[in-house]
Amino acid sequence: MSSRTPDHPVDPQFVSRWSPRAFGPAAMTEAQVMSLLEAARWAPSASNNQPARFAWGLRGDAAFATIHDGLMGFNTVWADKAAALIVVASKTFVEKDEGRAPNAWHAFDAGAAWMSLALQAQAMGLVAHAMGGFEADKLGPALGLPEGYQIQVVVAVGVQGDAAALPEKLQAREQASPRRPVAEVAGHGKLPA
Ligand SMILES: Cc1cc2nc3c(=O)[nH]c(=O)nc-3n(C[C@H](O)[C@H](O)[C@H](O)COP(=O)(O)O)c2cc1C
């Protein structure tokens with residue numbers, strides 16, 4: 001996979017993780033979902049506020065249908081084959097004596113939780129694909145999202161399947177993508193543009 005040759009020595013889990021859209025028929029258990037959420041909850045967060053929240057469903061159950069119904073069309077066409085759908089939301093505020101204060105890091109911390117979840121999925125022989133393409137106005141109310149919380153992504157999880165089963169347009173995109181070189185994104189004492 002030439003597009004995934006690391007510039008520097010790194011644990012292979014980071015380079016081999018990618019986001020397929022083709023899922024196989026294998027189902028997932030609730031216990032497997034709990035392992036993914038277990039990984040997510042150990043993610044670090046600012047002041048250990050732990051703003052990430054999750055809602056999940058397994059293919060075939062009502063929760064899965066609700067979450068799937070809240071996806072945008074370009075995601076519904078493939079995410080219906082996922083074995084589980086997991087919504088990652090975040091609490092945007094913290095409680096203070098004087099009332100609510102915004103938590104500037106809620107989305108950053110939810111992102112850390114998603115990455116932990118994705119790497120745990122990989123360690124379990126599963127694949128995870130995050131989607132920002134959801135209808136917040138529909139999905140939030142359907143899942144009882146409290147005021148002051150935001151949905152960040154919906155994650156499709158399952159066993160990787162055969163790309164040939166995808167709609168033709170998506171088949172060409174079913175491959176691991178490249179990254180900018182470290183030298184382009186990191187500077188010694190200077191932030192690159
Ligand atoms: C916050 C976020 C939102 C994303 N939204 C979508 C989406 O709505 N639909 C989709 O097919 N992929 C989505 N992706 C997948 C990205 O396109 C993908 O992670 C990126 O191209 C890097 O590829 P890789 O994960 O295979 O390494 C999203 C990923 C992230 C992290």
Side-chain angles (χ1 to χ4, degrees), residues 13-14 16-45 50-91 106-107 109-146 149-167 170-171 173-177:
Q13 69 175 322
F14 299 105
S16 56
R17 184 219 57 82
W18 64 287
S19 305
R21 293 185 178 84
F23 292 96
M28 277 173 63
T29 62
E30 178 169 342
Q32 285 177 301
V33 175
M34 291 304 122
S35 290
L36 300 178
L37 298 176
E38 185 66 31
R41 86 179 170 103
W42 289 106
S45 61
Q50 304 170 62
R53 298 290 185 273
F54 309 91
W56 57 276
L58 292 173
R59 191 178 58 228
D61 72 16
F64 184 101
T66 298
I67 299 169
H68 183 261
D69 206 35
L71 293 174
M72 290 183 174
F74 59 90
N75 286 324
T76 56
V77 294
W78 57 270
D80 59 339
K81 308 285 189 313
L85 290 174
I86 303 176
V87 176
V88 183
S90 59
K91 179 180 173 181
H106 69 92
D109 291 344
W114 133 253
M115 194 68 244
S116 294
L117 187 158
L119 291 175
Q120 175 63 26
Q122 173 164 262
M124 293 164 63
L126 302 167
V127 293
H129 191 139
M131 293 169 277
F134 58 84
E135 294 174 38
D137 292 350
K138 191 172 179 182
L139 196 51
L143 296 172
L145 186 78
Y149 291 65
Q150 268 177 26
I151 298 178
Q152 300 296 337
V153 287
V154 178
V155 185
V157 190
V159 171
Q160 191 175 351
D162 188 354
L166 286 171
L170 291 178
Q171 288 181 22
R173 295 172 62 186
E174 193 69 349
Q175 53 184 314
S177 52

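Quick note: numbers below take in every heavy atom, side chains included, and nothing from hydrogens, waters or symmetry partners.
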- [ ] Walk me through it: do Leu117 and Ile86 pass the test side chain to side chain contact (heavy atoms under 4.5 Å, CB included)?
- [x] CA-CA 10 Å; Leu117 187 158; Ile86 303 176; 4.2 Å; yes
Open item on the list: I need the Ser90 OG to Gln152 CD distance, nearest 0.5 Å.
Closed with: 3.5 Å
Donor-acceptor contacts, no H, no angles, side chain residues 30-37, under 3.5 Å, sequence neighbours left out:
unit_1: Gln32; atom_1: OE1; unit_2: Thr29; atom_2: N; d: 2.9
unit_1: Ser35; atom_1: OG; unit_2: Ala31; atom_2: O; d: 3.4

TODO: Dump the intermediate steps for side chain to side chain contact (heavy atoms under 4.5 Å, CB included) on Leu170 and Trp78, then the final yes or no.
DONE: CA-CA 9 Å; Leu170 291 178; Trp78 57 270; 3.7 Å; yes
Open item on the list: Looking at every non-hydrogen atom in both residues, tell me the closest pair between Ile67 and Ala55 and how far apart they are.
Closed with: CD1-O, 4.0 Å
- [ ] For residues Leu71 and Val154, determine if any side-chain heavy atom of one lies less than 4.5 Å from a side-chain heavy atom of the other.
- [x] yes
TODO: Answer yes or no: is there a side-chain heavy-atom contact under 4.5 Å between Gln122 and Gln120?
DONE: no
Could you pull out all donor-acceptor pairs under 3.5 Å where a side-chain atom in residues 126-142 meets a protein atom, sequence neighbours excluded?
unit_1: His129; atom_1: ND1; unit_2: Ser19; atom_2: O; d: 2.9
unit_1: His129; atom_1: ND1; unit_2: Pro20; atom_2: O; d: 2.8
unit_1: Lys138; atom_1: NZ; unit_2: Asp69; atom_2: O; d: 3.2

- [ ] Test side chain to side chain contact (heavy atoms under 4.5 Å, CB included) on Lys91 and His106 and set out the steps.
- [x] CA-CA 6 Å; Lys91 179 180 173 181; His106 69 92; 6.0 Å; no
Task: Close side-chain approach of Phe54 and Val87, heavy atoms under 4.5 Å - done: no
Task: Nearest heavy atoms of Ala163 and Glu174, plus distance in Å - done: CB-CG, 3.7 Å
Task: Evaluation steps, side chain to side chain contact (heavy atoms under 4.5 Å, CB included), between Leu85 and Trp56 - done: CA-CA 6 Å; Leu85 290 174; Trp56 57 276; over 6 Å; no
Open item on the list: Taking side-chain contact (heavy atoms from CB on, under 4.5 Å) as the definition, give me every residue that meets it alongside Phe14, ordered by chain and number, with sequence neighbours left out.
Closed with: Val10, Asp11, Leu119
Open item on the list: Counting C-beta onward and ignoring hydrogens, is there a side-chain heavy-atom pair between Arg17 and Met115 closer than 4.5 Å?
Closed with: yes
Task: Heavy-atom side-chain contact between Arg53 and Tyr149 under 4.5 Å - done: yes
- [ ] Identify, with sequence neighbours excluded, every residue that meets side chain to side chain donor-acceptor pair (under 3.5 Å) alongside Gln50.
- [x] Asn48
Task: Contacts of Glu38 that satisfy side chain to side chain donor-acceptor pair (under 3.5 Å) - sequence neighbours left out - done: Arg41, Trp42
TODO: Determine the minimum heavy-atom distance between Ala89 and Ala110, stating which atoms define it.
DONE: O-CB, 4.3 Å
Open item on the list: Could you report the tightest heavy-atom contact between Pro51 and Ser45, atom names first, then the distance?
Closed with: CD-CB, 3.8 Å
Task: Exam field: side chain Arg59 to backbone Ala84, donor-acceptor pair closer than 3.5 Å - done: no
Task: Close side-chain approach of Val155 to Trp114, heavy-atom, < 4.5 Å - done: yes
Open item on the list: So, using side chain to side chain donor-acceptor pair (under 3.5 Å) as the criterion, who are the partners of Arg173 when residues are at least two apart?
Closed with: none
- [ ] Please report the shortest heavy-atom distance between Ala83 and Gly158, naming the atom on each side.
- [x] CB-CA, 4.0 Å
Open item on the list: Donor-acceptor pair, distance only, cut-off 3.5 Å: does the side chain of Asp162 make one with the backbone of Ala165?
Closed with: no
Open item on the list: Looking at every heavy atom in both Ala164 and Gln171, which two are closest together, and how far apart are they?
Closed with: O-NE2, 3.3 Å
Task: All side-chain contact (heavy atoms from CB on, under 4.5 Å) counterparts of Ala112, not counting sequence neighbours - done: Ala43
- [ ] State which residues pass salt bridge (Lys or Arg N to Asp or Glu O under 4.0 Å) with Lys81; sequence neighbours excluded, sorted by chain then number.
- [x] none
